[in-house]
Trainee: 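Here it is: the structure, laid out below.
Any value given below was found using the heavy atoms of this structure, including those in side chains, with hydrogens, waters and symmetry copies removed. So that the names make sense, note that chain A is the first sequence line, chain B the second, and so on, each numbered from 1.
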Amino acid sequence: MLVDRANVAPKLLHWYDRHHRTLPWRAAPGEAAPDPYRVWLSEVMLQQTTVAAVKSYFAAFTTRWPTVEALAAAPDAEVMSAWAGLGYYARARNLIACARAVVDEHGGRFPSEEAELRALPGLGAYTAAAIAAIAFGQRAVVVDANVERIVERLFAIAEPLPKGRTAIYAATASITPDDHAGDFAQAMMDLGSSLCAPRKPACALCPLSEECAAFRAGEPERYPVKAAKTAKPVRRGSIFWLEAADRVLLCRRPPKGMLGGMRALPTGPWGTEDPGLTDAPIAADWRFVGAGRHVFTHFALDHKVYAARMESQDIDGEWWPIAAIEQAGLPSLFARAAAIGLAARETA
DNA sequence: CACCCGTGGAC
DNA sequence: TGTCCAAGGGT
């Protein structure tokens with residue numbers, strides 16, 4: 001027996017009326033659509049990032065830059081610093097570019113058509129569809145990891161990703177309603193984050209269990225089917241805490257690549273061997289003050305932190321007041337290294 | 001298509 | 001402690 005496609009959206013939307021999450025960027029079901037700027041900002045922040053992590057950043061950004069015009073007018077460095085700690089920093093670079101494109105090319109208003117949204121920096125297939133549906137009430141097929149998992153279970157699609165995406169998109173399209181596509185998409189997210197979770201789905205409470213092929217087959221946890229992961233290599237590097245007159249030397253990372261565009265502590269390239277003091281910014285009386293491991297998406301970095309003082313500030317870089325190091329906008333790796341340098345300073 | 005790109009919480 | 005993974009996009 002096939003899934004009764006016509007039943008899915010009504011059942012899901014009814015469940016959403018009762019069980020929807022209340023979130024700062026979201027309208028309650030049936031309410032007027034929220035400000036497209038806020039929808040866009042939240043969707044970009046939520047890319048591969050948890051709701052819990054996003055909340056404080058969303059509040060800070062919308063307080064400081066309430067409109068897309070305000071954000072477009074902000075200096076790059078301020079936006080990058082405000083994003084520090086949230087990760088995937090290409091999103092922040094694209095956020096700036098997108099805000100300026102909306103102001104310069106669209107008169108400060110986000111386009112309402114999915115295809116036009118898709119052409120903006122940082123907006124891929126998912127985000128463009130989500131904004132079109134949530135902010136503009138368009139019928140758009142919104143497919144993220146939650147939707148993929150739910151749809152694979154509903155239709156028992158066992159073909160591994162990414163090859164299975166074609167079938168998943170078609171199946172999602174077949175259950176997406178003409179009206180309330182925004183609520184439908186958000187309902188799928190809420191269902192995926194609660195009942196239809198990756199592990200131990202709560203099928204007994206699920207409004208779609210009667211329609212679900214995986215549930216009827218007794219194997220909901222079979223999905224999603226994923227390829228095996230490869231082990232993360234370990235790289236090694238040194239990070240340098242160089243201070244002079246109550247300031248510490250910071251630099252800015254190259255615009256692309258790891259932590260691109262972010263303020264940072266000096267560090268050489270990261271490789272398989274411990275570089276020691278090879279890439280130190282200056283010859284000095286360096287002392288080892290601590291070590292750590294930071295795990296990135298596709299490698300881990302074992303790093304050592306070295307500290308030194310010098311008399312002059314005669315070296316290229318940005319001499320940042322140590323007392324304000326928390327405001328430097330350092331990504332987590334360097335924020336932790338700075339904490340090590342700071343602690344060593346107090347015991348020196 | 002395969003690979004690159006962060007982070008912190010849950011288990 | 002290790003593993004998985006969260007509202008993906010760019011190249």
Trainee: Establish whether the base of B/dG6 is bridged to the side chain of A/Thr297 by a donor-acceptor pair shorter than 3.5 Å.
Mentor: yes
Trainee: To the nearest angstrom, how far is A/Leu161 atom CG from C/dG9 atom C1'?
Mentor: 16 Å
Trainee: Of all the nucleotides listed (C/dC5, C/dA6, B/dT7), which has the minimum atom distance to the side chain of A/Pro198?
Mentor: C/dA6
Trainee: Identify, residue by residue, the members of residues 80-90 of chain A with a heavy atom below 4.0 Å from DNA chain B, and return them in order of residue number, or none.
Mentor: A/Gly85, A/Leu86, A/Gly87, A/Tyr88, A/Tyr89
Trainee: Please determine whether side-chain hydrogen bond (donor to acceptor under 3.5 Å, both in side chains) holds for the pair A/Glu43 and A/Tyr126, giving the CA-CA distance in whole Å, both sets of side-chain angles, and the decisive distance to 0.1 Å.
Mentor: CA-CA 9 Å; A/Glu43 287 298 340; A/Tyr126 161 75; 2.7 Å; yes
Trainee: After noting the C-alpha distance and the side-chain angles of A/Arg222 and A/Glu152, does the key distance pass the salt bridge (charged side-chain N to carboxylate O under 4.0 Å, His left out) rule?
Mentor: CA-CA 10 Å; A/Arg222 177 179 171 189; A/Glu152 285 184 66; over 6 Å; no
Trainee: Whole Å only: how far is the CZ atom of A/Arg91 from the P atom of C/dG8?
Mentor: 10 Å
Trainee: Once you apply a heavy-atom cut-off of 4.0 Å, does A/Ala145 come out as touching a base, just sugar-phosphate, or nothing?
Mentor: sugar-phosphate
Trainee: Rounding to an integer number of angstrom, what distance separates C/dA7 and B/dC4 when you compare their P atoms?
Mentor: 24 Å
Trainee: Check every atom of C/dA6, C/dG8, C/dG10 against the side chain of A/Asn94 and return the nucleotide holding the closest atom.
Mentor: C/dG10
Trainee: Please confirm whether any donor atom in the side chain of A/Arg199 sits under 3.5 Å from an acceptor in the base of C/dA6, or the reverse.
Mentor: no
Trainee: With respect to the phosphate group of B/dG6, does any side-chain polar atom (N or O) of A/His294 fall under 4.0 Å of OP1 or OP2?
Mentor: no
Trainee: C/dG9, OP1 or OP2 - any side-chain N/O from A/Arg93 closer than 4.0 Å?
Mentor: no
Trainee: Quick one: list whatever passes side chain to side chain contact (heavy atoms under 4.5 Å, CB included) with A/Ser194, sequence neighbours left out.
Mentor: A/Trp15
Trainee: Quick one: are the ring centres of A/Phe296 and A/His298 less than 6.0 Å apart?
Mentor: no
Trainee: Can you confirm if the NZ or CZ of A/Arg253 lies within 45° of the ring axis of A/Trp270 and under 6.0 Å from the centre of its six-membered ring?
Mentor: yes
Trainee: Contact list please: residues 37-58 of chain A against DNA chain B, heavy atoms, distance less than 4.0 Å, in numerical order.
Mentor: A/Gln48, A/Thr49
Trainee: Could you work out which one of B/dG8, C/dA7, C/dC5 sits closest to the side chain of A/Lys229?
Mentor: C/dC5
Trainee: Regarding A/Arg165, tell me which of base, sugar-phosphate or nothing describes its non-hydrogen contacts under 4.0 Å with the strands shown.
Mentor: nothing
Trainee: With a 4.0 Å cutoff (strictly under), does any side-chain N or O of A/Thr127 reach OP1 or OP2 of C/dG9?
Mentor: yes
Trainee: DNA chain C: A/Leu123 or A/Asp144, which has the more 5' nearest nucleotide?
Mentor: A/Asp144
Trainee: In whole Å, I'd like the distance from the NZ atom of A/Lys232 to the C1' atom of B/dC3.
Mentor: 14 Å
Trainee: Find which nucleotide of DNA chain C each of A/Gly192 and A/Pro121 is nearest to by heavy atoms, and output the residue with the more 5' nucleotide.
Mentor: A/Gly192
Trainee: Select one nucleotide: of B/dT7, C/dA7, C/dC4, the one nearest the side-chain heavy atoms of A/Leu23.
Mentor: C/dA7
Trainee: Using a 4.0 Å heavy-atom cut-off across all strands, classify A/Met188 as base, sugar-phosphate, or nothing.
Mentor: nothing
Trainee: Hey, which of A/His20, A/His180, A/Arg21, A/Arg26 is the one that makes side chain to side chain donor-acceptor pair (under 3.5 Å) with A/Gln186?
Mentor: A/Arg26
